[in-house]
There are 2 protein chains.
Amino acid sequence: MSSGLSPSESPASEPSASGPLRKGDATRARIIDAATRLAAARGLMAVSLGDVAEAVGLSKSGLFKHFDSKEAMHEAVVQMVVERFVNWILDGAEIQPPGRSRLEGIFDRWLHWAETEWEETGCPIMALSVELDDQPGPLKDLLQGRLREMRRRLVKEFQALRNPPLSEAEAQAAYFQMKSFLLGQSDARRMMGDADTHRAAQAAFQSLLDRTMRPPAQEPPAQEPPA
Amino acid sequence: MSSGLSPSESPASEPSASGPLRKGDATRARIIDAATRLAAARGLMAVSLGDVAEAVGLSKSGLFKHFDSKEAMHEAVVQMVVERFVNWILDGAEIQPPGRSRLEGIFDRWLHWAETEWEETGCPIMALSVELDDQPGPLKDLLQGRLREMRRRLVKEFQALRNPPLSEAEAQAAYFQMKSFLLGQSDARRMMGDADTHRAAQAAFQSLLDRTMRPPAQEPPAQEPPA
DNA sequence: CTCAAAAGAGCACGATCGGTCACTTATTGT
DNA sequence: ACAATAAGTGACCGATCGTGCTCTTTTGAG
């Protein structure tokens with residue numbers, strides 16, 4: 001059951017468990033969800049509380065029963081969406097044996113997240129990354145921290161591609177290229193309007209896996225440039 | 001003179017040429033410049049006219065002598081910055097002979113644009129792409145149109161890498177990877193805080209050039225995954 | 001120098017921003 | 001069932017939003 005097709009919210013929604021378990025927690029989740037969707041589309045700073053209230057069917061003042069300020073809501077949005085993303089990627093990693101097939105599964109899950117789960121708005125992680133990368137503060141720290149943890153895990157998966165394992169530098173270089181292809185796919189599909197970007201990204205990634213797994217061998221000489 | 005180190009604005013700044021040539025054109029340019037810088041940092045929709053006025057040292061109402069509305073200013077910002085970007089990349093292409101060295105020069109110029117020219121704010125083209133990719137309208141059309149023209153040019157440069165030339169599909173795949181590495185470099189350096197992303201991007205690109213120029217040969221078999 | 005046009009300042013407007021407060025309605029523990 | 005508390009509403013606040021208007025200053029052509 002941990003390999004469902006949709007990234008699910010935090011567990012324990014039934015009133016049978018322990019803890020406070022207020023009813024309004026569901027509302028809070030709906031608020032965060034609506035705010036995240038708006039932020040992914042227009043940018044976090046361009047989302048007003050009125051927009052969120054209307055999207056979730058609540059009065060503006062009603063929002064303040066769940067968040068003390070706009071910034072607190074921003075923090076909840078970033079925390080929730082990066083948590084869901086990392087879990088979506090890493091949960092998918094475990095259902096495949098280590099090695100190439102596991103990395104293929106991770107790549108496919110990442111693509112599915114970006115191009116299916118967030119089809120209308122674009123991947124919120126990429127949007128937040130571009131928006132927050134030049135704005136130091138708790139929001140960037142939160143996002144950066146979780147993404148770094150995830151990268152550490154994935155770099156290790158790349159190291160396990162070969163026996164003896166790849167050096168950390170080699171694995172980091174491979175991770176850099178994998179993430180690059182995922183960013184490139186979003187850009188090509190959403191901004192440039194390309195078709196078949198899914199295939200292009202997967203082909204590039206397969207080629208990356210091929211040459212990463214191949215022991216460093218003799219390279220055929222490059223052809224001379226024409227004329 | 002067309003290969004300076006800084007992307008320069010549109011030509012004809014001397015009062016000797018024909019046309020209206022008003023003095024306030026300089027002010028207009030300063031407004032667009034300030035607005036572009038703010039937009040690259042915070043996002044286009046998050047920039048208020050008051051911010052721009054203060055940044056350029058003008059009153060809010062003074063802005064309206066140069067732009068009829070906020071949207072008109074947005075359009076001017078997008079048009080100017082994408083124009084500068086495309087010229088910066090393509091002008092650099094011409095100072096090298098076709099082939100590998102020309103593509104290396106293009107890649108270096110693109111890196112220089114993103115990581116030196118726009119160091120504080122991040123590349124405005126990437127920021128605008130992520131912000132506008134899900135917002136149909138004249139702004140997206142403008143950006144997409146110029147970027148497509150540039151890509152057409154660069155794909156041809158990739159085709160010229162080999163003799164006989166690469167197929168368009170092969171060249172497009174190579175362009176996809178090149179752009180991916182540039183996007184990945186920005187993400188790794190600005191969001192993840194990595195060091196030496198310049199070297200990582202260049203290494204990935206050199207490897208791409210190597211295997212693109214190499215005629216399709218026999219591939220050594222990939223190693224079996226461990227255990 | 002003259003003078004019309006351009007550039008810009010100052011002010012005021014309605015709308016919306018984030019946020020508070022008093023109040024009503026719904027939920028929950030006992 | 002009943003009180004306590006959580007959830008939610010509506011009116012309202014000062015600030016700022018984009019944008020007109022009128023007025024003054026600057027600029028450039030004759």
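Order of the sequence lines fixes the chain letters, A, B, ..., with proteins taken first and strands second; residue numbering starts at 1 for each chain.
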Can you list everything that forms a salt bridge (charged side-chain N to carboxylate O under 4.0 Å, His left out) with B:E54? Sequence neighbours excluded, please. none

Got a sec, which residues hit salt bridge (charged side-chain N to carboxylate O under 4.0 Å, His left out) with A:E71, two or more places apart in sequence or on another chain?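 Salt bridge (charged side-chain N to carboxylate O under 4.0 Å, His left out) list for A:E71, sorted by chain: empty.
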
Without decimals, in angstroms, what is the distance between [X] [atom1] and [N] [atom2]?
X	N	atom1	atom2	answer
A:D68	C:dG19	CG	P	10 Å
A:K70	C:dT20	NZ	P	14 Å
B:E71	D:dC17	CD	P	15 Å
A:F64	C:dC21	CZ	P	12 Å

Would you mind reading off the bend of the helix from C:dC1-D:dG30 to C:dT30-D:dA1 from its two end axes, five pairs each, to 10 degrees?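 Taking the rotation axis at each end, their angle is 30°.
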
Determine which pairs satisfy salt bridge (Lys or Arg N to Asp or Glu O under 4.0 Å) with at least one residue from residues 174-188 of chain B, sequence neighbours left out, and list them in order.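 Non-adjacent pairs meeting salt bridge (Lys or Arg N to Asp or Glu O under 4.0 Å): A:K179-B:D187, A:D187-B:K179.
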
Around atom CZ of B:R148, are there more than 12 heavy atoms of other residues, nucleotides or ligands at under 6.0 Å?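 Yes - once you tally the heavy atoms of other residues, nucleotides and ligands closer than 6.0 Å, there are more than 12.
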
Could you work out, with ring-ring contact (aromatic ring centres under 6.0 Å, His included) as the rule, every residue matching [X], not counting sequence neighbours?
X	answer
A:F176	none
A:F67	none
B:F107	B:F205
A:Y175	none

Identify all pairs in which a protein N or O lies below 3.5 Å from an N or O of nucleotides 2-6 of chain C, and state each distance.
none

Which ones in residues 38-59 of chain A lie close to DNA chain D, meaning a heavy atom under 4.0 Å from one of its atoms?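 Under 4.0 Å from DNA chain D: A:L58, A:S59.
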
So does B:S61 reach the base of C:dG10 with its side chain, donor to acceptor, closer than 3.5 Å?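 Answer is yes: a donor-acceptor pair is held.
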
Record whether the side chain of A:K60 comes under 3.5 Å of the base of C:dG18 through a donor-acceptor pair of N or O atoms.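 Checked by distance alone, the answer is yes.
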
Please collect all side-chain hydrogen bond (donor to acceptor under 3.5 Å, both in side chains) contacts where either partner lies in residues 125-134 of chain A, sequence neighbours excluded, each pair once.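 Only A:D133-B:R190 qualify under side-chain hydrogen bond (donor to acceptor under 3.5 Å, both in side chains).
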
Between A:Q177 and B:Q177, a side-chain donor and acceptor under 3.5 Å: no

Check the phosphate of D:dA6 against A:H66, side-chain N and O only, distance under 4.0 Å to OP1 or OP2. Yes or no? no

With B:Q79 via side chain to side chain donor-acceptor pair (under 3.5 Å) - residues at least two apart: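 B:Q79: no side chain to side chain donor-acceptor pair (under 3.5 Å) contacts found.
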
A:K65 side-chain proximity, nearest of C:dG18, C:dG10, C:dA22: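 When the side chain of A:K65 is considered, C:dA22 is the closest of C:dG18, C:dG10, C:dA22.
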
